[in-house]
S.K.: 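Here's a structure for you.
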Amino acid sequence: MPELPEVETVTNEIRPYVLGCRIKDVEVLWPGTVKGNTVTEFVNGLKDQIVTNVSRRGKFIVWHLSGGRRMLTHLKMTGALIAQEANVPPPPYNRVEITLENGLKIFFRDPRKFGRMRIIDHDKAFDELGPEPLEPEFTAEVLESLLKKRKSPIKPTLLDQTLIAGIGNMYADEALFEAKIHPLRAADGLTSTEYRKLHKAIQHVLLAAIESKGASISNYVRPGGELGHAHFAFKVAHRRGENCERCGAPLERIVVRGRGTYLCPKCQPHP
DNA sequence: CTATAGACCTGACGGC
DNA sequence: TGCCGTCAGGTCTATA
């Protein structure tokens, strides 16, 4: 499930395959993947462009093109960028195929068809994204002031990309467990100590997951075909019924705003 | 404005 | 075996 650490890994690992390469051809096999451009605009916008960089903003992968425009890729739930020799058959659930002049093809594999690609002219697409949680500007004070603006439960607040960019369901649960905060606590109702703990926990779980190259708990695959192993370090996510590492109590799964939410009822006492 | 539900999609898995 | 319900979770849109 791609969240910040998975998107960061894909960005870093796709870069060497495409950097400085000219795009020779683009084929869109599932038109729904392209949003914000027509398929023709998308294909023509990519053709003959040289990829000058690949970066990440929130959960977006940003392809920088020599003409000055950018192509955004959002993996959503099951998207994956896969690099292969051009003569190797495409992977199953291939939705978009980008042929490079260096003899490689980049496939956008996406079983559930939630993923999206689009070309943008400027940075406007990022106007509504909150700060990057791993940038130095994102201090505990910044987190506290952002969360103080919201009365809703802390868990869905952490998932709001306009507040903080990149946190998803799994890492929200992991960070709240590490900070010993129940997901239903009001976002504006933590103590100063808890805001600091949560800030530290967010950065810790994200950095640790990046070091492990992301969590391969369902469809997530890296561009070279390898898996990530961040999920082996999960303390609560997808571990319903297992015993809490810290206190031994059985872990719970509840539903918060329609999202599966994992927690330790003893370490994270209910409000 | 906020909160919530539904839509988008498909596959894996567990229970009977 | 085979069928059905649940779970997976990012984000846009519609509704209250």
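Hydrogens, waters and symmetry mates play no part in the numbers below; they use all other heavy atoms, side chains included. The chains referred to below are lettered A, B, ... by the order of the sequence lines, with proteins before strands, and numbering in each begins at 1.
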S.K.: Using the side chain to side chain donor-acceptor pair (under 3.5 Å) rule, take A:N169 and A:K155 through it: C-alpha gap first, then chi angles, then the decisive distance, then the call.
M.R.: CA-CA 8 Å; A:N169 206 41; A:K155 158 84 185 270; 2.7 Å; yes
S.K.: Side chain of A:Y93 only, heavy atoms from C-beta on: which candidate in B:dC9, B:dT10, C:dG9 is closest?
M.R.: B:dT10
S.K.: Would the distance check show the side chain of A:Q161 and the main-chain N or O of A:G166 forming a donor-acceptor pair, the cut-off being under 3.5 Å?
M.R.: yes
S.K.: What nucleotide, of C:dT11, C:dC7, B:dT4, holds the atom closest to the side chain of A:R257?
M.R.: B:dT4
S.K.: Taking only the side-chain heavy atoms of A:K113 (C-beta and beyond), determine which of B:dC9, C:dT11, C:dG9 contains the nearest atom.
M.R.: B:dC9
S.K.: Is any side-chain N or O of A:H238 closer than 4.0 Å to OP1 or OP2 of C:dC7?
M.R.: no
S.K.: Toward the 5' end of DNA chain B, which comes first, A:R112 or A:R150, by nearest nucleotide?
M.R.: A:R150
S.K.: Determine: side-chain N/O of A:Q161 to OP1/OP2 of C:dT11, distance under 4.0 Å, yes or no.
M.R.: yes
S.K.: Determine the Euclidean distance between corresponding P atoms of C:dG9 and B:dC13; express it in Å to zero decimal places.
M.R.: 15 Å
S.K.: Given the side-chain rings of A:F138 and A:H199, with only the six-membered ring counted for Trp, is the space between their centroids under 6.0 Å?
M.R.: yes
S.K.: Does NZ or CZ of A:R118 lie under 6.0 Å from the centre of the six-membered ring of A:F60, at an angle within 45° of the ring axis?
M.R.: no
S.K.: Return the value, rounded to whole Å, for the distance between atom CZ of A:R57 and atom P of C:dG10.
M.R.: 17 Å
S.K.: Give the rounded distance in Å between these two atoms: CD of A:E3 and P of C:dG9.
M.R.: 8 Å
S.K.: So, does A:K76 get its side chain near the phosphate of C:dG9, meaning an N or O under 4.0 Å from OP1 or OP2?
M.R.: no
S.K.: Output yes if the stacking criterion (under 5.5 Å between centres, under 30° between planes) is met for A:F114 over the base of B:dC8, else no.
M.R.: yes
S.K.: What is the separation between atom NZ on A:K35 and atom P on B:dA7, rounded to the nearest whole Å?
M.R.: 16 Å
S.K.: Say you pick atom P in B:dA5 and the same atom in C:dC7; how far apart are they, in whole Å?
M.R.: 16 Å
S.K.: Roughly, in whole Å, what's the span from CG in A:N169 to P in C:dG10?
M.R.: 5 Å
S.K.: Can you check the A:L4 CG to C:dG9 C1' distance for me, whole Å?
M.R.: 16 Å
S.K.: Take atom CG of A:D110 and atom C1' of C:dT11, then tell me their distance rounded to the nearest Å.
M.R.: 14 Å
S.K.: Kindly point out which of B:dA3, C:dC7, C:dG10 is positioned nearest to the side chain of A:K59?
M.R.: C:dG10
S.K.: Check DNA chain B for consecutive Watson-Crick or G-U pairs with both distances under 3.5 Å and list the runs of at least three as stems.
M.R.: B:2-8 with C:10-16, B:10-16 with C:2-8
S.K.: Just so I know, are the side chains of A:L134 and A:Q203 near enough to count as touching, which here means a heavy-atom distance under 4.5 Å?
M.R.: yes
S.K.: Could you work out the separation of B:dC9 and C:dA14 based on their P atoms and round it to a whole Å?
M.R.: 15 Å
S.K.: For a salt bridge (charged side-chain N to carboxylate O under 4.0 Å, His left out) with A:E245, tell me which candidate from A:K266, A:R239, A:K235 qualifies.
M.R.: A:K235
S.K.: Provide, to the nearest angstrom, the distance between the CG atom belonging to A:N94 and the C1' atom belonging to B:dC9.
M.R.: 17 Å
S.K.: With distance as the sole test, does A:E101 use its side chain to make a donor-acceptor pair with the main-chain N or O of A:C21 at under 3.5 Å?
M.R.: no
S.K.: Rounding to a whole Å, what distance do you find between A:L72:CG and C:dT11:P?
M.R.: 12 Å
S.K.: Under 4.0 Å: is that the gap between some side-chain N or O of A:H74 and OP1 or OP2 of C:dT11?
M.R.: yes
S.K.: Side chains of A:N37 and A:V43, heavy atoms from C-beta outward: is any pair under 4.5 Å?
M.R.: no
S.K.: Taking the same atom, P, in B:dG6 and in C:dT6, what whole-Å distance lies between them?
M.R.: 14 Å
S.K.: So does A:R259 reach the base of C:dG10 with its side chain, donor to acceptor, closer than 3.5 Å?
M.R.: yes
